[in-house]
**Q** 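Supplied in structure tokens, the structure appears directly below.
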Amino acid sequence: MSKRLSSLLTAAVALAVLALPGTAANAAEIKVMTSVALKSALDELAPVFEKATGHKLTISYDLAAVQKKRILDGETADVIMLTRAMMEDLQKQSKVAGDLRNAAGTPVAIAAKAGAPKPDITTVEALKKTLLAARSIVYADPAKGGLSGVVFARALERLGIVDQMKGKTILVPGAQASDMVAKGEAELGVGQASEIVPVAGVQLVGPLPGELASMTRFTAAVGSASKSADAAKAFIDFLTGPQAAPKLRAKGFEPG
């Protein structure tokens, strides 16, 4: 994306946010707990929201499974944004209040080094051949709860190539797969598309094909213990509204 287009998008988002409730006179501090997969988008969207409303965002990023555990263990936040299934579970346990709002979705995808020929992953069989031919592959350790790692581990089982891949697999604790591909430490990487797109030196090959495909839907709600519920709702309105959509798409997400 050109700098001029990026500036125009930022200006458009800023103008749209002015219509949201909340002003500097009613400024609140909003604590957000969310997945690290959303970091690239929220790092750009948060300052726009803060400037327009006067609210201050404090955002905690970690693996979605880790964040859910913290909330179940008693940690609170004004806005909680995790996977749809996790949010539905938290809603059943009265950890969030009001409706769940879909904010963004991102597929589990394959990354390769920028400039390298794109491997064929257009079909399940093509993906299998590409994986068997790869010198190395890196993805999030499923045992640590990384969503893309869990999905990819299941894909390897369905492909019947778990044993063949063991010797060339690198497991990382979080969203570091794309960085390792960019540095040449692994030939291929697996991650959420939103974790791949922002990283310099890598290219998005594409999502997992066919029946292996998996879309992670991130859903937001106000925390049940929030003392700034109106401000929290304003932030969710911003994230789920048309003003945030261009930034989300630019970071590898599908809005809503």
**Q** Can you tell if the side chain of V151 reaches within under 4.5 Å of the side chain of L147, non-hydrogen atoms only?
**A**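 Answer no - side chains too far apart.
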**Q** Between Q67 and T34, is there a donor-acceptor pair closer than 3.5 Å when you use the side chain of the first and the backbone of the second?
**A**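 Judged by distance alone, yes, a pair lies under 3.5 Å.
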**Q** At what distance, to the nearest 0.5 angstrom, does CD1 of I236 lie from CZ of R101?
**A**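 So the CD1 of I236 and the CZ of R101 are separated by 7.0 Å.
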**Q** How long is the gap from CE on M33 to CD on E75, to the nearest 0.5 Å?
**A**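 It comes to 4.0 Å.
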**Q** Taking C-beta and beyond as the side chain, do I170 and E185 meet within less than 4.5 Å on heavy atoms?
**A**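 Answer no - side chains too far apart.
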**Q** Report the distance from atom CE of M215 to atom CD of E254, rounding to the nearest 0.5 Å.
**A**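 Result: 3.5 Å between the selected atoms.
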**Q** Is there side-chain contact between L208 and I110, with at least one heavy-atom pair below 4.5 Å?
**A**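 Yes, at least one pair of side-chain atoms sits under 4.5 Å.
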**Q** Report yes if the side chains of V197 and S178 come closer than 4.5 Å at any heavy-atom pair, otherwise no.
**A**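 No, too far: nothing below the 4.5 Å cut-off.
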**Q** Look at atom NZ of K129 and say whether more than 12 heavy atoms of other residues, nucleotides or ligands are closer to it than 6.0 Å.
**A**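 Count not over threshold, so no.
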**Q** When rounded to the nearest 0.5 angstrom, what is the spacing between OG1 in T53 and CZ in F235?
**A**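 CZ of F235 is found 9.5 Å from OG1 of T53.
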**Q** Are the side chain of S194 and the backbone of A37 linked by a donor-acceptor contact shorter than 3.5 Å?
**A**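 Looks like yes, one N/O pair under 3.5 Å.
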**Q** Hey, is K251 close enough to E44 for a salt bridge, meaning N to O under 4.0 Å?
**A**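 Looking at K251 and E44, the cut-off is met.
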**Q** Just so I know, are the side chains of L42 and M81 near enough to count as touching, which here means a heavy-atom distance under 4.5 Å?
**A**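 Yes. Closest side-chain heavy atoms under 4.5 Å.
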**Q** Is the closest side-chain heavy-atom distance between I71 and L82 below 4.5 Å?
**A**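 Side chain of I71 against side chain of L82, heavy atoms only: contact under 4.5 Å found.
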**Q** For V202, does its backbone N or O pair with a side-chain atom of K113 as donor and acceptor, under 3.5 Å?
**A**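 Side chain of K113 to backbone of V202: no pair is present.
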**Q** Heavy-atom distance under 4.5 Å between the side chains of P173 and D141, does that happen here?
**A**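 The answer is no, as the side chains (C-beta and beyond) never meet within the 4.5 Å cut-off.
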**Q** Any salt bridge linking D89 with K95? Criterion: basic side-chain nitrogen under 4.0 Å from a carboxylate oxygen.
**A**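 Not counted as a salt bridge, because no side-chain N and carboxylate O are separated by less than 4.0 Å.
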**Q** Flag the pair K233 and D230 as a salt bridge only when some basic side-chain nitrogen lies within less than 4.0 angstrom of an acidic carboxylate oxygen.
**A**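 Looking at K233 and D230, the cut-off is not met.
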**Q** Between K92 and E88, is the closest basic N to carboxylate O distance under 4.0 Å?
**A**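 No, this pair does not count.
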**Q** Between the main-chain N or O of L38 and the side-chain N or O of S35, is there a donor-acceptor pair closer than 3.5 Å?
**A**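 Not a single qualifying donor-acceptor pair exists.
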**Q** Starting at CD1 of I59, measure out to CD1 of I30 and round the result to the nearest 0.5 Å.
**A**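 These two atoms lie 9.5 Å from each other.
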**Q** Taking CG in D99 as the centre, count heavy atoms belonging to other residues, nucleotides or ligands within less than 6.0 Å. Is the count above 12?
**A**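 No, not enclosed.
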**Q** Using atom types as modelled and distance alone, determine if a side-chain donor or acceptor of S224 lies under 3.5 Å from a backbone N or O of A97.
**A**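 No, because the side chain of S224 does not come within donor-acceptor range (under 3.5 Å) of the backbone of A97.
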**Q** More than 12 non-hydrogen atoms from neighbouring residues, nucleotides or ligands closer than 6.0 Å to NZ on K144, yes or no?
**A**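 No, NZ of K144 has 12 or fewer neighbouring heavy atoms, counting only those of other groups under 6.0 Å.
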**Q** Whether the side chain of E195 engages the backbone of G174 through a donor-acceptor N/O pair (distance < 3.5 Å, no angle test) should be reported.
**A**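 Answer holds: no.
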**Q** Nearest 0.5 Å please: distance from the OH atom of Y139 over to the OG1 atom of T169.
**A**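 If I round to the nearest 0.5 Å, the distance is 4.5 Å.
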